*Asks:* 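Mind having a look at this structure? Questions to follow.
Keep in mind that what you see is a predicted model, and the values were worked out from it rather than measured.
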Amino acid sequence: MESIQLAGAVCRIVAHRAYKKIFNVKDRPPRPVYSLIAVGLGGVGKSTLLALGAGEEIESIEPTRGFGIKAIQREEVVLNVKELGGDPSIRPYWSRYFNEDVDGIVVVVDSSADEARWAEAADMIRDVLAHGDLKELSVLVLANKQDLDGALKCDEVAQKLNLGEVAAGRSYLVEACSKESAESVQAALDKLVPELPEIVYGDGPDAKEDTE
C-alpha cells in the first residue's frame with residue numbers, strides 16, 4: 001500500500017514539473033521582507049494608517065501605548081512595520097529600536113497641526129534621522145489628516161519639517177493621506193519600496209525572504 005502511495009506521489013511531482021515546463025510556468029520568487037520603523041508624535045494617526053495599509057478595519061483602532069508591529073502584505077514585498085508610540089514618556093525609548101536591521105523609516109505627521117506641534121515634529125524627525133544606525137535610510141513622510149481644514153500640502157509639510165536639511169543625503173518622500181482612503185496609504189508605501197535596500201536572496205547572512 002505504501003509503495004502505491006509513494007508511486008502516486010512521484011507521478012504527481014513529475015506531472016507537475018512537466019506541466020510547468022510545457023506551459024512555462026515559473027515559481028513565484030520569495031517576496032523580500034523589509035523591517036521599517038514608524039514614528040510620530042502622539043495622536044497623529046500612526047495606528048490607523050498602518051491598519052489601513054494592511055487592509056484592516058479601523059473602527060476599533062486605539063492609540064498604541066508603547067510599541068507594536070504590523071505586517072503589511074504588498075504584491076511584491078512584505079513590510080514588517082514597528083510602530084513606536086508617540087507619547088512623550090515613550091519617545092526616550094525609541095532608540096532601542098534603531099539598529100542595523102532597520103531598512104527604512106516611516107514618519108507620520110498631522111497635516112493640520114498648529115505651529116507648536118509642527119516645531120515639535122521637526123525636532124522629533126531631526127533627532128531620529130541623526131541617529132547613527134539610521135543614517136542614509138530612506139524616509140517616507142505620511143502627511144496625514146488631509147481631510148481636515150487647514151491641512152498643509154506636501155511641499156509645505158517638507159518645509160515645516162526642514163527635510164531639505166535634516167534628510168540631506170538620503171531619499172525622502174512626502175505623501176498625502178487620510179483615514180478616509182486606504183488606497184492613499186498603500187500607494188505611499190508602494191512608492192517607498194523602490195527606495196529600500198536591495199534584498200540578497202539565498203542562505204547568506206544578508207538574505208531575507210517571505211517564509212509564509
*Asks:* Using modelled atom types and a 3.5 Å cut-off, is there a donor and acceptor pairing between side-chain atoms of Ser111 and backbone atoms of Ala143?
*Replies:*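 Between the backbone of Ala143 and the side chain of Ser111 there is a qualifying donor-acceptor contact (under 3.5 Å).
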*Asks:* With respect to Leu137, which candidate in Asp133, Val139, Leu134 satisfies the side-chain contact (heavy atoms from CB on, under 4.5 Å) definition?
*Replies:*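 The single option meeting the side-chain contact (heavy atoms from CB on, under 4.5 Å) with Leu137 is Leu134.
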*Asks:* Could you tell me whether the side chain of Gln186 reaches within less than 4.5 Å of the side chain of Arg74, counting heavy atoms only?
*Replies:*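 Yes. Closest side-chain heavy atoms under 4.5 Å.
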*Asks:* Return yes if some donor-acceptor pair links the side-chain N/O of Arg31 with the main-chain N/O of Glu76 below 3.5 Å, else return no.
*Replies:*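 No, Arg31 side chain to Glu76 backbone: no donor-acceptor pair under 3.5 Å.
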*Asks:* Check Ala122 against Lys160 and note the closest heavy-atom contact, atom names and distance.
*Replies:*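 The pair with the smallest heavy-atom distance is CB-O, 3.6 Å.
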*Asks:* I'd like to check Val77 versus Val33 (side-chain heavy atoms, cut-off strictly below 4.5 Å). Are they in contact?
*Replies:*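 They are not in contact (no side-chain heavy atoms under 4.5 Å apart), so the answer is no.
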*Asks:* Is Glu120 salt-bridged to Arg91, cutoff N-O under 4.0 Å?
*Replies:*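 Looking at Arg91 together with Glu120, the answer is yes, because their closest N to O distance falls below 4.0 Å.
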*Asks:* Can you confirm whether Val128 sits close enough to Val107 that some side-chain heavy atom of one is under 4.5 Å from a side-chain heavy atom of the other?
*Replies:*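 No, side chains not in contact.
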*Asks:* Side chains of Val108 and Val39: closer than 4.5 Å at any heavy-atom pair?
*Replies:*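 When only atoms from C-beta onward are counted, Val39 and Val108 do not touch, as no gap falls below 4.5 Å.
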*Asks:* When rounded to the nearest 0.5 angstrom, what distance separates OG in Ser178 from NZ in Lys145?
*Replies:*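 With rounding to 0.5 Å, OG (Ser178) is 11.0 Å from NZ (Lys145).
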*Asks:* If every non-hydrogen atom of Ala176 is compared with every non-hydrogen atom of Ser184, which pair is closest and at what distance?
*Replies:*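 Nearest pair, atom of Ala176 first, then Ser184: O-CB, 3.9 Å.
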*Asks:* Please lay out, stage by stage, how Val102 and Leu36 fare under the test side chain to side chain contact (heavy atoms under 4.5 Å, CB included).
*Replies:* CA-CA 6 Å; Val102 177; Leu36 310 179; 5.9 Å; no
*Asks:* From the options Leu142, Leu189, Val81, select the one residue that forms a side-chain contact (heavy atoms from CB on, under 4.5 Å) with Leu50.
*Replies:*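 Looking at Leu142, Leu189, Val81, the match for Leu50 under the side-chain contact (heavy atoms from CB on, under 4.5 Å) is Val81.
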*Asks:* Could you please spell out the steps behind the side chain to side chain contact (heavy atoms under 4.5 Å, CB included) verdict for Leu192 and Tyr34?
*Replies:* CA-CA 11 Å; Leu192 174 64; Tyr34 289 103; over 6 Å; no
*Asks:* Looking at side-chain heavy atoms only, is the closest gap between Trp118 and Val109 below 4.5 Å?
*Replies:*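 Yes; the side chains approach each other to less than 4.5 Å.
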*Asks:* Is the closest side-chain heavy-atom distance between Glu175 and Lys191 below 4.5 Å?
*Replies:*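 Yes - at least one pair of side-chain heavy atoms lies under 4.5 Å apart.
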*Asks:* Do Ile90 and Trp94 touch side chain to side chain, with heavy atoms closer than 4.5 Å?
*Replies:*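 Of all side-chain heavy-atom pairs linking Trp94 with Ile90, at least one is under 4.5 Å.
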*Asks:* With a 4.5 Å cut-off on side-chain heavy atoms, are Asn144 and Val44 touching?
*Replies:*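 No, every pair of side-chain atoms sits at 4.5 Å or beyond.
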*Asks:* Look at the side chain of Lys46 and the backbone N and O of Gly40, then say whether any donor-acceptor pair between them is shorter than 3.5 Å.
*Replies:*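 Flag set: sc Lys46 to bb Gly40 pair under 3.5 Å.
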*Asks:* Report the distance from atom CZ of Arg96 to atom CG of Leu84, rounding to the nearest 0.5 Å.
*Replies:*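 It comes to 12.0 Å.
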*Asks:* Which pair of non-hydrogen atoms, one from Leu49 and one from Val185, has the smallest distance, and what is that distance?
*Replies:*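 Scanning both residues, the minimum pair turns out to be O-CG1, 3.3 Å.
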*Asks:* For the residue pair Ile37 and Tyr97, what are the closest heavy atoms and their distance?
*Replies:*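 Result for this residue pair: CG2-O, 4.0 Å.
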*Asks:* Take Lys82 and Lys70 through the side chain to side chain contact (heavy atoms under 4.5 Å, CB included) test and state the conclusion after the steps.
*Replies:* CA-CA 7 Å; Lys82 294 178 182 177; Lys70 183 74 68 178; over 6 Å; no
*Asks:* If you round to the nearest 0.5 Å, how far is CG of Asp103 from CG of Asp101?
*Replies:*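 Here the rounded value is 8.0 Å.
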*Asks:* What distance separates Asn162 CG from Ile125 CD1, expressed to the nearest 0.5 Å?
*Replies:*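 Reported value, rounded in 0.5 Å steps: 9.5 Å.
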*Asks:* Is there a path of hydrophobic side-chain contacts, each under 4.5 Å between heavy atoms of I, L, V, M, F, W or Y residues, that connects Tyr93 with Leu129?
*Replies:*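 Yes, because Tyr93 and Leu129 connect within a single hydrophobic cluster, where side-chain heavy atoms sit under 4.5 Å apart.
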*Asks:* Do Ser138 and Glu195 pass the side chain to side chain donor-acceptor pair (under 3.5 Å) test, and can you show the C-alpha distance, the side-chain angles, and the key distance before you say yes or no?
*Replies:* CA-CA 6 Å; Ser138 297; Glu195 308 299 329; 4.7 Å; no
*Asks:* Main chain of Lys153, side chain of Glu156: is a donor-acceptor contact present, judged purely on distance under 3.5 Å?
*Replies:*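 Judged by distance alone, yes, a pair lies under 3.5 Å.
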*Asks:* Any Lys/Arg nitrogen of Arg117 or Asp114 sitting under 4.0 Å from an Asp/Glu carboxylate oxygen of the other?
*Replies:*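 So Arg117 does not pair with Asp114 through a salt bridge.
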*Asks:* For a quick test of reading the model, state the closest non-hydrogen atom pair linking Gly53 to Ile72 and the distance between them.
*Replies:*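 Where Gly53 meets Ile72 most closely, the heavy atoms are O-CG2, 3.3 Å.
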*Asks:* Looking only at heavy atoms, which two atoms of Ile58 and Ala51 are closest? And how far apart?
*Replies:*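 The answer is CG2-CB, 4.0 Å.
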